[in-house]
Protein chains: 2
Amino acid sequence: MFAALGDETRLSVLGRLAHGEPQSIARLTAGTRLTRQAVTKHLRVLEGAGILRSVRVGRESRFALEPKPIDEARAYLDDVSRQWDDALARLKAFVES
Amino acid sequence: MFAALGDETRLSVLGRLAHGEPQSIARLTAGTRLTRQAVTKHLRVLEGAGILRSVRVGRESRFALEPKPIDEARAYLDDVSRQWDDALARLKAFVES
DNA sequence: CATAAACGCAACAAAAAGGTTGCTCATTAG
DNA sequence: CTAATGAGCAACCTTTTTGTTGCGTTTATG
């Protein structure tokens with residue numbers, strides 16, 4: 001999941017898909033300096049991580065965002081952050097005792 | 001940032017640091033099947049991403065969590081999620097009009 | 001129907017990531 | 001003081017990622 005997000009190209013694709021409608025591969029390729037196949041691979045990675053969902057309509061594949069995995073990632077970070085806060089609080093309590 | 005989180009070993013290190021006190025490299029290595037150097041590399045990656053902070057105390061380096069970058073990542077995911085919700089809302093409004 | 005657009009698949013090349021080994025240095029413990 | 005522990009550095013190897021090129025297939029368009 002995080003590995004899928006850990007790439008500039010994929011993050012930019014995500015950004016473009018986040019605030020618009022589903023887009024085809026050719027459309028997503030325009031605006032990058034990469035070939036269509038390179039972009040395709042990135043899209044498949046994101047799809048494999050469950051972040052995107054693709055639908056074939058006519059001769060094009062349209063990719064759209066799938067918000068659930070993103071929420072899960074957010075929840076995970078919440079967890080880490082909260083655990084750390086707790087650990088600090090315990091440390092503080094220990095030091096002050 | 002996400003790239004730094006996108007590795008099992010590093011995630012587990014993060015998990016172990018999240019709910020405890022700062023730990024040395026040798027300590028973090030125990031419990032993995034990796035060599036100390038391998039773990040060291042992962043720690044440096046996390047440090048390079050700003051997720052960890054290391055302090056040399058005596059002959060050991062202790063690593064601790066730095067919560068700010070994690071909050072930033074969370075905020076980013078919030079953003080993407082919110083933008084997508086808005087996009088869906090706009091689409092819905094458009095369809096119903 | 002002929003052509004072009006959008007895509008999938010496979011082979012390949014280059015670069016980056018992940019990991020090990022060997023050696024050295026500094027710090028602590030006995 | 002001596003030995004052992006905790007680390008840093010560098011070279012090297014293997015695997016994964018990232019990207020390209022070439023070719024074939026399906027769908028739309030003039």
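Letters go in sequence order (proteins before strands), and every chain restarts at 1. Predicted model only: the values in this text are computed from it and were never measured.
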* Determine which pairs satisfy salt bridge (charged side-chain N to carboxylate O under 4.0 Å, His left out) with at least one residue from residues 28-54 of chain A, sequence neighbours left out, and list them in order. => A:R44-A:E47, A:R53-A:E66
* To do: Give A:R44 one of three labels, base, sugar-phosphate or nothing, depending on what nucleic acid heavy atoms sit under 4.0 Å from its own.
  => sugar-phosphate
* Asked: How long is the line joining NE2 of B:H42 and C1' of C:dA17, in whole Å?
  -> 9 Å
* To do: May I ask you to say what B:R10 touches in the nucleic acid, namely base, sugar-phosphate or nothing, with a heavy-atom cut-off under 4.0 Å?
  => sugar-phosphate
* Between A:F63 (CZ) and C:dC7 (P), how many Å, whole number? -> 9 Å
* Asked: What's the CD-P distance between B:Q37 and C:dC23, to the nearest Å?
  -> 13 Å
* Asked: With nearest nucleotides of DNA chain D determined for A:R33 and A:G58 from heavy-atom distances, which residue corresponds to the more 5′ nucleotide?
  -> A:R33
* What about A:L65 and A:V45, same hydrophobic cluster or not, with Ile/Leu/Val/Met/Phe/Trp/Tyr joined at side-chain heavy-atom distances under 4.5 Å? -> no
* To do: Look only at the side chain of B:R62 and the backbone of B:V57, and say whether a donor-acceptor pair between them is shorter than 3.5 Å.
  => no
* Asked: Atom CG of B:D7 and atom P of C:dA17: how far apart are they, to the nearest Å?
  -> 11 Å
* To do: Could you tell me whether the phosphate oxygens of C:dG19, OP1 or OP2, come under 4.0 Å of any side-chain nitrogen or oxygen in B:R36?
  => no
* To do: Name the nucleic acid region contacted by B:E60, choosing base, sugar-phosphate or nothing; use a 4.0 angstrom heavy-atom cut-off, strictly under.
  => sugar-phosphate
* First-last contacting nucleotides on DNA chain D - partner chain A, under 4.0 angstrom, heavy atom -> D:dT18 to D:dA28
* Has B:T9 got a side-chain N or O lying under 4.0 Å from the OP1 or OP2 atom of C:dG18? -> no
* Asked: Got a donor-acceptor contact below 3.5 angstrom from the A:R90 side chain to the B:H19 backbone?
  -> yes
* Nearest whole angstrom, please: distance from the P of C:dT20 to the NZ of B:K41. => 10 Å
* Which is true for A:R62 with a 4.0 Å heavy-atom rule: it touches a base, it touches only sugar-phosphate, or it touches nothing? -> nothing
* Asked: Is B:E8 side chain donor-acceptor paired with the C:dG18 base, going by distance under 3.5 Å alone?
  -> no
* Would you kindly give the CG-to-C1' distance between B:L34 and C:dT20, to the nearest whole Å? => 10 Å
* Using the test side chain to side chain contact (heavy atoms under 4.5 Å, CB included), find all partners of B:D78 that sit at least two apart in sequence or belong to another chain. => A:R74
* Step by step, would you call B:R82 with B:D79 a salt bridge (Lys or Arg N to Asp or Glu O under 4.0 Å)? -> CA-CA 5 Å; B:R82 191 179 41 69; B:D79 238 52; 3.1 Å; yes
* Out of C:dA10, C:dT28, C:dG18, which has the shortest distance to the side chain of B:R59? -> C:dT28
* In terms of hydrophobic clusters joined by side-chain contacts under 4.5 Å, are B:F63 and A:L91 together? -> no
* To do: Look at all strands and tell whether A:A26 reaches a base, only sugar-phosphate, or nothing, counting heavy atoms closer than 4.0 Å.
  => sugar-phosphate
* Would you kindly compare A:V57 and B:S61 by the position of their nearest DNA chain D nucleotide and give the one closer to the 5′ end? => B:S61
